[in-house]
Undergrad: 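Dropping the structure in here first, questions after.
Below, read A as the first sequence line, B as the second, and so on, with proteins coming before strands; counting in each chain starts at 1. Because the structure is predicted, anything quoted here is derived from the model rather than measured.
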There are 2 protein chains.
Amino acid sequence: MSKCESCIIKEFNSLKSLTRDELMRVSACKTGKFYKKGQIIFEEGEVLNGVYCVKSGVCKLTKLSENGKDQVVKLVVKGDLLGKRSLVSDQKTNLSAVALNDMEMCFIPKSEIIDDLSKNPKFTMDVLREMANDLRESDVSLVNMAQKSVKRRMAEILMYIHDNFGTDNEGYLSIVLSREDFASIVGTATESAIRILSQFKKEDLISTKGKHIKIEDYNGLKWIE
Amino acid sequence: MSKCESCIIKEFNSLKSLTRDELMRVSACKTGKFYKKGQIIFEEGEVLNGVYCVKSGVCKLTKLSENGKDQVVKLVVKGDLLGKRSLVSDQKTNLSAVALNDMEMCFIPKSEIIDDLSKNPKFTMDVLREMANDLRESDVSLVNMAQKSVKRRMAEILMYIHDNFGTDNEGYLSIVLSREDFASIVGTATESAIRILSQFKKEDLISTKGKHIKIEDYNGLKWIE
DNA sequence: GATAAAATATGATATTTGTCATGTTATCAT
DNA sequence: ATGATAACATGACAAATATCATATTTTATC
């Protein structure tokens, strides 16, 4: 396995604030893990004893609602750290993580990194900054969920995926989600998600090829109410 | 003004992890502030240069949605620190804070506390823990907003206020909110909020005296779908 | 205490969204 | 290839919620 020091992924997250020595130590104890599409990385209620660093692929963080439906809270991508909260708390996680693609990750045991939190202020500040950012994003999601229509939210998630994960060479969104996943992100019934995507197709805002979606009229999506 | 060291409020937040010396320094530079009901503490887009420590009263943190409506993101109470994010970022706040009661707060300039973040790991860990907790709560709110009915959310906010802020000696919720505030917490139209509260009243789940609300059947509220 | 303004209340109606039923298409393991 | 299974699609209807109109009550102000 390659060393953390030379891994470009570290530039995307707070690991960049670790010193060379700290990184070497982390590198020595990390475990490479691979997950296939659909595989569960961890589940709500488990106790995590480390953080996952995403090297490639995408996963969803979900939370089970009392009505039995899963709600996607966040999509996690290359460079993100998963399980940051386990560093500061021994509580069970409140979220599940499921791979949406084949994924490559590094697992870093909490015990190896917890010392750095108290000894390397630069690192700590960086973790703090990342959490503050997560919190800000979370506020935005809450307001969207509370104040926008399902159709609007669906348009926004399509644009979000387009902007943040890009497209393949034919212009199809490079993240492929089931209709159920879309429903679970947008917070609606699966049938409603299907209906809305069908409607977008009829209005030539998007086109589809199997599960692959291409945005045909980005501006049109923008103005959906 | 009293000293931070002897202020019981500090036990509720991360200030408790400051050393005696640090607390004395903070105490020396803090400013006491009073806000009247309805007064704006800060507004979305402002740059905060410190944290507020709530000594008494309640305020709402709101975010303006694109549709022009305010959404309440969190209710903030005695012991909470407001503006934690300003400590780790120079960005504008993404939230506004408005007093719901008369409030008493201490304002601590960022410059006086930022050093402690890098020098006192115990303090930093505590701030980290508080943020992790905010994040967890935020996930819960998101799922509630996405998956539960307006009626259910209304029932839950009533119980939440009852459990977290208590009642006066006649049994009325000690936090008094306008119907508009309720609507903005629950994420619905004001008329809908009014209608639902009226319905609760008809079903003898609550009773009201002016703007004051008393929960008459807590268990009934619990089972609202 | 009279008056204006704001908050609360309620009806009528339109729109959005959910649910159940059922059919079609795609996917996967053998 | 071929069933079996899951995913997708769509109609019909019900339920939830928003919107607009208009009273009524409360609160604030002079």
Undergrad: Is there a donor and acceptor pair closer than 3.5 Å between the side chain of Arg195(B) and the base of dT19(D)?
TA: yes
Undergrad: Under 4.0 Å, heavy atoms only, any strand: does Thr190(A) hit a base, just the sugar-phosphate, or nothing?
TA: nothing
Undergrad: Applying salt bridge (Lys or Arg N to Asp or Glu O under 4.0 Å) to Asp134(B) and Arg85(B), what does each step give before you reach the verdict?
TA: CA-CA 11 Å; Asp134(B) 285 353; Arg85(B) 255 176 313 202; over 6 Å; no
Undergrad: Report the distance from atom CD of Glu44(B) to atom NZ of Lys63(B), rounding to the nearest 0.5 Å.
TA: 4.0 Å
Undergrad: Before accepting this row, confirm whether a basic side-chain N of the pair Glu156(A)/Arg152(A) lies closer than 4.0 Å to the acidic partner's carboxylate O.
TA: yes
Undergrad: Hey, does the side chain of Lys209(A) come within less than 4.0 Å of dT25(C)'s phosphate (OP1/OP2), counting only N and O?
TA: no
Undergrad: How do Glu191(A) and Ser149(B) order along DNA chain D: which one's closest nucleotide is nearer the 5' end?
TA: Glu191(A)
Undergrad: Reckon Ser198(B) has a side-chain N or O less than 4.0 Å from the OP1 or OP2 of dT10(C)?
TA: yes
Undergrad: Taking only the side-chain nitrogens and oxygens of Lys202(A), find out if one of them lies under 4.0 Å from OP1 or OP2 of dT10(D).
TA: no
Undergrad: For dT27(D) and Lys211(B) - does any side-chain N or O of the residue sit under 4.0 Å from the phosphate oxygens OP1/OP2?
TA: no
Undergrad: If we fit an axis to the first five pairs and another to the last five of the helix from dG1(C)-dC30(D) to dT30(C)-dA1(D), what angle do they make, to the nearest 10°?
TA: 60°
Undergrad: Closest nucleotide of DNA chain D for Ser178(A) versus for Ala146(A): which of these residues is on the 5' side?
TA: Ser178(A)
Undergrad: Under 4.0 angstrom, heavy atoms only, what part of the nucleic acid is Lys148(B) near: base, sugar-phosphate, or nothing?
TA: nothing
Undergrad: Under 4.5 Å between any side-chain heavy atoms of Tyr218(A) and His162(A), yes or no?
TA: yes
Undergrad: Are any of Thr188(A)'s side-chain N or O atoms less than 4.0 Å away from OP1 or OP2 of dT17(C)?
TA: no
